[in-house]
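Worksheet for the structure shown next.
Below, all heavy atoms of this structure are taken into account, side chains as well, without hydrogens, waters or symmetry copies.
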Amino acid sequence: MKKVVATTMATLLFGLSFPVNTFALPDNEVSVNSQIIERLSLSKSGEASQSLDGGLHQAEEDTIAKKIGDNLEAKDITVWQNDTVNWKDGVKLKTDNEEFKGYLEEASVTDLDNRNTSNSNTDTDTNDDRAFKGKLKVTFKDKSEIEIADQKLYVTSKMTNINNNKAPKNAVDVKLQLGEGVKDSNGTIGQKDKPVEYGSYRIKPGVNILNEEHPQIKDSLFNLVKLEVSDPDKYVDPQWTSGSANKKNFVVSKDNNIFTATASKLFTMTFKFVGYDSNSKTEISSDKLPNAIKDKLPQEQKIKEGESFKPEKIEGTIKEDLGPNKYEWEFNDWNPTGPLSINENKSFQGKWTRSKVEENSNPEVKPGPGKEEDKKESPENKNKPKDNSKAEDKKESPQEEKKQKDNSRVEDNKNNNKSNNTFPRIKANENKYSSNKVYTRTTKKESKTESKKETFSKTAKYTLTLNSGEYEVIINGQVIKRQMDVKPLIKNDRLMLPLRSLAEMIGTKVEWDQETRTAIFTNKDMVAKIQIDGNEIVLSNGKVIKMDSKPLNIKGRILLPVSNVANVFGLTNGNTKDGVDQNIEWDGDTKTVEINLNK
C-alpha cells in the first residue's frame, strides 16, 4: 500500500471537519471519494450526519432560480389580433444585473393558461381593464424554474380608436379628412386649402384601409364616412386619395397616414346656333332659326375636369317652306370643334347655312311634252306667223275651262308662268273675261295668304307617332312632315315631349334660363316656369302645379309631360274613346297623339 497525505474530500464537498491524516491507499487505487463516501456511510457520529444535510441544502441554493429569486416580475404584452405572442416579453428584471440578464436571455418562457390572440380585448370605449390575465413559467438553462403570476395580455384589432393606449407600439395614427367638393352624411362640408378632419384612428402597419373591415362597423372606414358631393352642379364623383406620391395607395405606413376625400369639378358646356344665308350673304340670328333646327340644339352638359369633350356633329338637312320660297338648311360645324381637355366652362357655337331651293317656274326653259301653250310660246314657234285666235280659242276650250275650275292652283301656276313671259294676243271679245279670271284668281290667292298668316297659330294641327318620333304639321291643308331627334315616351301614364316641340305644338313661346336651368313658357299674359331639376310648374299668377312626372334629360334634350304643361294654357286632353272632342287626343291602339289648337 502507498501512504498519501491528503485533505479529505469530505471537507471540500460536505463541509465536514476532519484532521489531516495519512491514509494508506489500496494498491488497486480506489478513489478518494469512494473511501470518503464509504466512511461517511459507516460513521455513526451524529455530527457527521448533520454536516451531510447541510451540504445538500447548500447545493440547492446554488441554482439560477435561487440566485435570481424575487428579482423577476410580470410585464404587460400588447399585440395585434391573430399575431403570435413572444411570452418572454411578459417577464422583466426588477434590478439592472448583467448576470441575471444573461440568465434570462438563455431562459424559455411559456404561458400556463393557454391564452391566444384570436379575439381583441382593447376595442372598447370603457375604462375597464379587460386584459387577458395569466401565469408564466420561466425555465432556466439549469432546468430550474420560476412562475410569474398576474401577467396581462392586451390584444388590439387592426383598426382601433385613436385614444386606445393599449395598442401595440408600432401602431400608425391615421387621419381621414374632407377636401374640396365633398360633404359627409352629417352635412360637414370639406375645404380645398384646409381640409376638415373627419376622424383619426390607430391602425396596424400594412393594412389596406380601402378593403379592411372595421371590427365595429363591419365595413371599411371609407364607407363609414358616406361621402356626398357638396354641390351636384359643380362637383361629381367623390373619391379618396392618399398623401403619398401614388394617390391610390391606401396601405398604411408611417409615411402614408393621411387620406383625403375630394370630388372632381364639373364644367358646363353650353351651345348656341346661328344661321347664315348663302344667297344674301347675311347672318341670321338664333331666334329666327326654324323650330326644327332649334329642336336639335343640345342642352347644356356637365363635363368632369380633365375629360375630353367634342360636340357631336349634326347630320342631315332641314327643309323650310315659307310659302313662295323654299329653303334647305345644312349644319356646318361647331366653333370650337374639339376635342378639348376640359378645365373650364366652354361655350360652343354651331353654324347652319341656308340655301334657297330654285324651282323651275318658267316653262320656256324645258317645255313639257304635249302642252300646246308651251309649244306656242317656245322660241322656235314665236317668230312663225300663226293664227293667234285659234290658239286662244283652243286655250279657252270647254275642256280646259273645266280643268281650271277643278284646280285653281293649276290655273294660278299657268297664269304666273304667263306673267313671266310675253303675254299672248287676246281677242277683244275675250279680254274682259280673261281679265276677270286673272283678277279673281289673284284675289283668291292673296286672301289665302292673308288667312294663313292670321290663323297659323290657331289652326295648326299636329299628329305624332310615338314609336317613330315622326310627326305631321297640317296648316290650312298643307302637310309638313318632321322628325324629332329624340323619340317621345310615356312615363307615369304621361306623354313626354322635347320642350321646344312641346312649346310649338301647344302654341307658346319657350325660353331657356341657363343660370337657373329653367324653361319659361309664355302665351299672352300667362307665364309658366319649370325648373327642370324639380317637378313643379310655377305660374305668373302665383299658383304652383305639381307635375305627374319630373322632367327627363335624354341625349341632352329635356322632355316634359304634355298634358301638365298644356292644361296650364287652357288646353284639354283625353283619348279618342272618351267621346269628348279635346285639344289633345290619344289613340292607344295606334300609339298616336293628335294636338289640335282649333278645338
Side-chain angles (χ1 to χ4, degrees), residues 175-199 208-211 219-250 258-272 297-312 334 336-350 486 491 496 498-499 512-519 530-536 549-560:
K175 181 188 295 183
L176 271 59
Q177 55 189 20
L178 306 178
E180 181 181 14
V182 298
K183 66 178 180 179
D184 63 13
S185 55
N186 297 321
T188 304
I189 298 177
Q191 297 182 19
K192 179 180 180 180
D193 299 325
K194 293 182 179 181
V196 179
E197 182 174 340
Y198 175 83
N208 187 328
I209 63 174
L210 180 66
N211 305 319
D219 206 341
S220 73
L221 290 178
F222 289 161
N223 289 340
L224 172 65
V225 181
K226 299 190 183 306
L227 286 178
E228 301 176 18
V229 293
S230 57
D231 186 344
D233 285 334
K234 296 181 179 179
Y235 298 98
V236 70
D237 195 19
Q239 296 283 341
W240 287 98
T241 57
S242 71
S244 64
N246 179 4
K247 299 298 183 183
K248 295 301 181 182
N249 177 18
F250 300 111
I258 298 178
F259 301 92
T260 305
T262 58
S264 299
K265 287 185 178 179
L266 279 179
F267 293 105
T268 304
M269 307 295 105
T270 55
F271 307 90
K272 177 183 179 182
L297 182 66
Q299 300 295 326
E300 69 173 40
Q301 298 182 37
K302 300 288 186 179
I303 304 299
K304 187 166 68 173
E305 182 178 15
E307 288 189 350
S308 179
F309 178 76
K310 179 180 180 179
E312 186 175 342
W334 294 99
T337 58
L340 303 173
S341 181
I342 300 302
N343 55 15
E344 62 179 348
N345 296 330
K346 296 294 295 183
S347 179
F348 296 87
Q349 180 173 287
V486 175
K491 182 181 179 184
M496 310 286 286
L499 64 88
W512 173 253
D513 188 330
Q514 176 67 38
E515 185 174 348
T516 62
R517 292 167 59 80
T518 301
I530 302 176
Q531 207 287 327
I532 64 169
D533 299 313
N535 65 338
E536 294 181 344
S549 295
K550 290 182 64 175
L552 300 177
N553 189 332
I554 299 178
K555 296 181 181 180
R557 298 287 186 267
I558 304 301
L559 281 71
L560 300 174

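Ser549 places a side-chain N or O within 3.5 Å of a backbone atom of Lys491 that can act as its donor or acceptor partner. Remark: the backbone N or O of Glu312 is paired with a side-chain donor or acceptor of Trp334 at under 3.5 angstrom. The backbone N or O of Asn246 lies less than 3.5 Å from a partner atom in the side chain of Ser242, making a donor-acceptor pair.
Taking 4.5 Å as the limit, every side-chain heavy atom of Ile530 sits out of range of all side-chain heavy atoms of Thr518. For the pair Met496 and Lys550, the minimum side-chain heavy-atom distance is 4.5 Å or more. In this structure, Phe309 and Leu340 have side chains that are not in contact, with every pair of non-hydrogen atoms separated by 4.5 Å or more. At least one side-chain heavy atom of Phe222 sits less than 4.5 Å from a side-chain heavy atom of Leu176. In this structure the side chain of Thr262 never reaches within 4.5 angstrom of the side chain of Trp240, judged on heavy atoms. With contacts defined as side-chain heavy-atom distances shorter than 4.5 Å, the pair Lys226/Glu228 does not qualify. Between Lys346 and Ile342 the shortest side-chain heavy-atom distance falls below 4.5 Å.
Under the salt bridge (charged side-chain N to carboxylate O under 4.0 Å, His left out) criterion, Asp237 pairs with Lys304, sequence neighbours left out. Partners of Glu305 according to the salt bridge (charged side-chain N to carboxylate O under 4.0 Å, His left out) rule, which considers only residues two or more places apart in sequence or in another chain, do not exist here. With sequence neighbours excluded, no residue forms a ring-ring contact (aromatic ring centres under 6.0 Å, His included) with Tyr198. With sequence neighbours excluded, the residues that form a salt bridge (charged side-chain N to carboxylate O under 4.0 Å, His left out) with Asp533 are Arg517.
Of all non-hydrogen atoms in Ser308 and Pro339, the two that sit nearest each other are OG-CB, 3.4 Å. The two atoms that bring Gln299 and Leu499 nearest to each other are NE2-CD2, 4.4 Å, heavy atoms only. Annotation for Ser244 and Asn249: closest pair OG-CB, 3.6 Å, computed over non-hydrogen atoms. Here the shortest heavy-atom pairing between Val182 and Pro238 reads CG1-CB, 3.8 Å. In terms of heavy-atom proximity, Gly534 sits nearest to Pro551 at O-CD, 2.9 Å. The heavy-atom pair separating Gln531 from Thr516 by the smallest distance is NE2-O, 2.9 Å.
Going from atom CG of Asn345 over to atom CD1 of Ile303 covers 11.0 Å, rounded to the nearest 0.5 Å. For the atom pair OG of Ser220 and CG of Leu210, the computed distance is 6.5 Å after rounding to the nearest 0.5 Å. Between the CD1 atom in Ile189 and the CG atom in Leu178 there is a gap of 10.0 Å [rounded to 0.5 Å].
A salt bridge (charged side-chain N to carboxylate O under 4.0 Å, His left out) check over residues 183-194, counting only residues at least two apart or in different chains, returns nothing.
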Below 3.5 Å, can you tabulate the donor-acceptor pairs from side chains in residues 264-272 to any protein atom, sequence neighbours excluded?
{"unit_1": "Thr268", "atom_1": "OG1", "unit_2": "Lys302", "atom_2": "NZ", "d": "2.6"}
{"unit_1": "Thr270", "atom_1": "OG1", "unit_2": "Ser347", "atom_2": "OG", "d": "3.4"}

task: In sequence, state the C-alpha distance, the side-chain angles, and the governing distance for Leu224 and Asp219, and then conclude on side-chain contact (heavy atoms from CB on, under 4.5 Å).
output: CA-CA 7 Å; Leu224 172 65; Asp219 206 341; over 6 Å; no

query: Stepwise, does the side-chain contact (heavy atoms from CB on, under 4.5 Å) test hold for Leu552 with Ile558?
result: CA-CA 6 Å; Leu552 300 177; Ile558 304 301; over 6 Å; no

message: As a quick check of understanding, evaluate side-chain contact (heavy atoms from CB on, under 4.5 Å) for Glu197 and Lys175, giving each step before the final call.
response: CA-CA 7 Å; Glu197 182 174 340; Lys175 181 188 295 183; 3.9 Å; yes

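Looking at Gln177 and Thr260, their side chains do bring a donor and an acceptor atom within 3.5 Å of each other.
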